[in-house]
Each structure stands twice: as structure tokens, then as C-alpha cells.
Number of protein chains: 2
Amino acid sequence: MRFLHTADWHIGRKLYGYDLAKEQEHDFAQITKIALEKKVDAIVIAGDLYDRALPNEDSVNRLNKMIVELNLKLKKPILAISGNHDSAARLNTGREWFKATQYFLNTSIEEAMTPVEFSDTQFFLLPYFQIFQARNFFADESLTDLTVAMKKIIKKMKENFAANKKHVLVAHFFAAGSTKTDSETKIEVGGLNAVPLDLLTDFDYVALGHLHDVNALHDERIKYSGSLAKFSVSEAETTKGVWIVDTEPFHSDFVAIKPLNDIVLLQDRYEELISPSVYNEVDNEDFVAITLTDKAVIPNVMNNLREFYPKIISLSRENQIVDLPKNEDIVLELDPMRLLENFFEDMTGEKITEQQKKWASNSLERVIGGEEE
Amino acid sequence: MRFLHTADWHIGRKLYGYDLAKEQEHDFAQITKIALEKKVDAIVIAGDLYDRALPNEDSVNRLNKMIVELNLKLKKPILAISGNHDSAARLNTGREWFKATQYFLNTSIEEAMTPVEFSDTQFFLLPYFQIFQARNFFADESLTDLTVAMKKIIKKMKENFAANKKHVLVAHFFAAGSTKTDSETKIEVGGLNAVPLDLLTDFDYVALGHLHDVNALHDERIKYSGSLAKFSVSEAETTKGVWIVDTEPFHSDFVAIKPLNDIVLLQDRYEELISPSVYNEVDNEDFVAITLTDKAVIPNVMNNLREFYPKIISLSRENQIVDLPKNEDIVLELDPMRLLENFFEDMTGEKITEQQKKWASNSLERVIGGEEE
């Protein structure tokens, strides 16, 4: 069979204050298009459907609409789990009814033990869980380690493996490193919360959610799909998309998704950034992250840049040291009033008056003194 | 056909801080028992399933379990609407799947226009709505009056009336009064937010939610079921229950539900309340609302009474005037320090010291002066 592997939709997420509703709807439209073109037999969503446990009503409406579209209109089976951003209890609403149309949604470890069966493949849908939930499930108070818990979970899943079928695990965790004993490898594991990769080799494919970059892991059979949209400046140069996976013979393809509005990184001097040859190249709707290479103070820089780049999501300086007069103490040694005086002069071009100094000094004392009276 | 009419479950509600989960589960068990004994063909829930738009996870789990029980285990069709306490968007999750097992849940005016059909009865499920939603639905900006909106809604519903069937409206609003023109009747309407009863006579039965007392309205065909549990001291002496309604020939019966822990009203002198002959008559698990008939100050009265009545939900005095010395100014004219001195003396039996007076006076000044320094 062939399925589409996606994860980390984070419906309701904002990008530095900007609503991503249109972005996410655009990405979703591409997913449905890919699902139809590639004629997939099912769609796997590996957790974090919502961005938060208490999504607002608009987010609820939008996710509900997407699931109705995929499952009821396009008649695609859905294999989904709750992630750490979802509320298992809330997401679980309606679960018992969803099965009737092959929308399989798991929110507890217990549910993960019964595979969802297709003609040639079994899917084990393991939601994000906390270690206390594994303790409760196994009625084993000694269970405090994620690796041990995952070993027990996989052992139990394997009891239900059908020999003539392929086995796919859908899960939402940080997978990295190995249980191998040499000390160098152990360092690589990445802490208590990582599931070692060699635990997962019993499956023909592991469809993961949690990490937002498809390149977070390079393994033929264990993959993150990455998030649907770019959620931070650090993701600016990554490619978003979904995996199309054939179980027999095994094959996987990454199909890229084009963002509606991309994140653009600009690094330049202020004077360049406000010249038409630069700003005309940037779409007004794109999110812009600017690194200024200037060293001098630029008055009102954010507001001025916004005239040319309406959606600035970050502004930083390549060189954080400001250009102080050579004979001046270095910035960290100046007292707050001296810093303020310098700043005032830089901004206004005028010397601060004695009256202004008094106001500022009183305010500073209140802030620094800070004691409740 | 025969159906059970309930409403205002308010899952998640607390009674003066006490959790009502067990109470509500007990009431729900009785509903299922009545539904089975009376062999009803459907269960009507006329809104306010949850107590709030953002129910906590425990409430979500509990309501989900109840609906699974009624609809999937007992195979009873459910006819439900959202009330003013529910979030229509959240409650709507899964709606498209629920129909398959005859769980009909409406959260918008539009959905209410298509009746749910049984062999001999049509149900019109009209959720709670705000007037702007009626404006949007009818694309009529002039619509600002609930009575006018309801007239239009009912007119539109009637276009879908099947002549050979009975017609039931399920709704969640304040129904009272009449549109009749004499001024006396108009006063009775109860303000802008009431739906006049004579608008509703086209229906064979109107199953209402919103008011918590079954006796809020006395009409043969227009009824509130009242809430499932008692939610305030004012409901102490009301009876909770559900309506069992036959549509042909028309018949309705109120079937009472026995609370797990009732609200008990006690009105007596303190000395009586702490005597075994009185407190032994009250179940430790019952919620107790006490009215003291004493006039004198009783030190530490709440804590003392709690030793005999662990679940006190209200404590008031029949006579609010405290027993001040005859030659004293009346209470409202005393300044705060004088009141405090009297109170201190009543409580401790000692005169306040000069040092204590100073502390109290400083504190009072800070509270009353209240200005930020």
C-alpha cells in the first residue's frame, strides 16, 4: 500500500505574532492535491494537530474542516495520534464514531496496542505519552525510563504482528542515538527523552512527528516529515513537505510543499535595505528576518524598515557592539544614567537638559530601587 | 413515538466550590435507567451540555463517556443542541460522523432548518444563538429583535413541516409571556431576550433548555426539563427530573430523579444546630445551607459548624443586625477603627491594646489610602 506521512500541523500557531491560518490552509490544499495525485491509500498524521491543548474556536473550526475534507469528502483513511501539543482528552472527542469511516485516532498507549489493519500493512498508532502513563499502563511503578518503556511497548506490539504483513509505527517523540554500549554513542542519545533508533528496527517504517525539520534524522526507514509550515526564523532555509511511502516494495519519496508566504533572510546595511533594487525583490507578503550589518545607531530603525518590509519577524545586528566614541568607557561599565544620556543624544541630536535628567534619574531610582513601599 | 426530554447538564459545574462529578454521574445513571424502563425511542438534550465554553479535560472525558454510553452502547438516538454555556465550535467537533449512529447535534441556525425525521415525528433542533447569527443567516441587517428573528425562523421551519407528522422544536432560550397587545401582558414578556409563548404553538411539543427549574413554565406543550442536578441554594426545594413525552396520542410525564447528595436547608439557633438531635438527622455528604436565627456574635462560627456539617455551602443570618450596646451609634455610622475595636472585643473578650490599635490603624490607612507610592 501507499500512504502519505505528515505531522506537526500545529493549527493555531502564530509566527512572531502573525496569524498562519492562510498559510496552513494553503499547505493543506497542497497535501490534498498530493494525496490525490499520488493515489495514496491512507494519510498518516503523526501528532501535534493543534498548536496547543486549548486551541481557540477558529483553530477548532479549521482542523475539523480539514479532517472532514480528507476523510469524508475525499474518502481517505486517516491514521492519526495526539502529540505533546495536543490535549489527548479533547482530541479524543468523537473517536468512537470516527472509526466507521476509517478515521483512526489514538490518544492513549492502550489504544496503540491494537493495530489498524490494511490488506498488506499493520499500523501501530502510538500517541505522545508521559512516563507516568506508561507506568499506569504496565502497572509497573519501577518504570521511570523512556527507553525501557519503549522496549516494553514494542514488545507488546510485536505480540500482535501479523507475519504476512508489513508493520508501520506512527509515533511522536524525539528519536536519536543508539543503545549500543560504547561511551561515544551514549553521548549521542540526547538525554532521557530520546528513543534510541535501534529500538525501532522491528518496524518496516516509523512515521514520526515532533521535530519540525525533515532533516533532523537521516534513516531510510525512520523519518520525520517535519512541520507543514515554517514556524521560526531558524526554519527559513529548510524545505517543507510530506513523505509518500510504499510498503511493498519499500520506497519513500519526499514531496515538497511550496509556502504561500516564505520566510526571507536579509543581511545588509540599512542604506542597501531601503534601496528599491533590494526591497523590490521581496514579496510584500513574505515574512522578513533582517540582520543589519551597520555598526552605527539608526534612529527609529524598525518603523523605517517596516515601510519597505511590512512583515518583519526579526531584526538583529551582525555586530552588536555599538560605535561609541573611542575615549569612552566600554558600554558595560557605564552607569544607566550615562547610557541614557548617550542614547538620548544619539536619538535626538540634543543634549539632555537638567530637568529631563532629574525625571529620568527619579524613574531609574524607582525601577532599580524597586522595593514596595 | 416516545422520547426523553432533558437539558442543562452543565458538566463541569461546581456547587459553591464542591465538585459535582459524582452527583452528575449518579443523575446520568438514573437517566439511562429511565430511558430503558420507559423504552424511549430517542433522547432530547436541549442545550448546556457543558457548564462552560472551555470545559476542563475531566469534563470532556465525562461528557464523552456519557454520550458513548447512550448512543453507542444503549443504541439510543440522541437529539442535542448547544446552549449558551457551550462553545458551538467545540461541541460541533465530530458532528458529521455522529449522524451515522443517530446522534444528531446542531450548533448553528442553518442546521436547524433541516428536521431530523422519525417515522411519525419531525424534530427541529435549534441551538442557542445570538441575534447577530440570525442577522447573518437571513442576510438581514435590520434584524435586531429576538421575537422577529424567531418568527422568521419558525416560518422557515414550517416550510419543511410534513403534514402527516408531529413537529417537535428543541431549543434553548427564555420563553415567557405573549405577543398580545394589552399592556399588562407586555410587561410579562420579561425583556428583549424572551421568546413569547404564542409564537411556539405551531409545534406539538417544545422541549426547552435554559431555565433550571421545571416549574419555571406551566404549559401543556412547552416545557423546561430543568437542570439535571441542583446548582444553587435557591433550588434546594425543587424536584429534578426528566420529561417522558409521547407524540401520538400526546402525553407527558415528569419522572423525578433522586439526588445523590441533596441540598438541606437548616434554620435554627446555633445551640440547636450543634445538638445531636439536629445534626444526626443530616447526612454528612449532603450540602447544607444554614440560616442562623441567633442575634449575638458567635466566635469562629463557620469552623465550629463544619465539625457537624462538613459540606456547608452557605451561612446566613435571619437577622442581620448585630446586637450592639444600646447607647452605641448604629453600625453604619461607626468609623472602621471603632468597628474593628468592637469586633476585637467581641471575639477575644479583651480590650484592644494601644500597640494593636496602631498596627490596625496603619493597615487601614494603607487599604483606604490605597494610592500607589
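Just so we're on the same page: letters track the sequence lines, and every chain starts at 1.
For a residue to count as touching a neighbouring chain, one of its non-hydrogen atoms must lie under 4.5 Å from one of that chain's; by this rule B:Asp58 does not touch chain A. Both the backbone and the side chain of B:Ile67 have a heavy atom closer than 4.5 Å to some heavy atom of chain A.
At distances below 3.5 Å, not a single donor-acceptor pair connects side-chain atoms of A:Glu37 with backbone N or O atoms of A:Ile34.
Taking the six-membered ring where the residue is Trp, the centroids of A:His85 and A:Tyr50 are separated by 6.0 Å or more. In summary, the aromatic rings of A:Phe98 and A:Phe104 are positioned with their centroids too far apart to meet the 6.0 Å limit. Under the 6.0 Å cut-off for aromatic ring centres, A:Phe129 and A:Phe137 do not qualify, their centroids lying 6.0 Å or more apart. If you look at A:Trp9 and A:Phe28, their ring centroids are closer than 6.0 Å.
Per-residue heavy-atom pair counts under 4.5 Å with chain B were compared for A:Val60, A:Asn61, A:Val68, A:Leu72, and the maximum is reached by A:Leu72. Ranking B:Gly94, B:Ala88, B:Ala89 against chain A, the residue ahead of the rest is B:Ala89, based on heavy-atom pairs under 4.5 Å. The most heavy-atom pairs under 4.5 Å with chain A, out of B:Asn92, B:Leu63, B:Thr101, come from B:Thr101.
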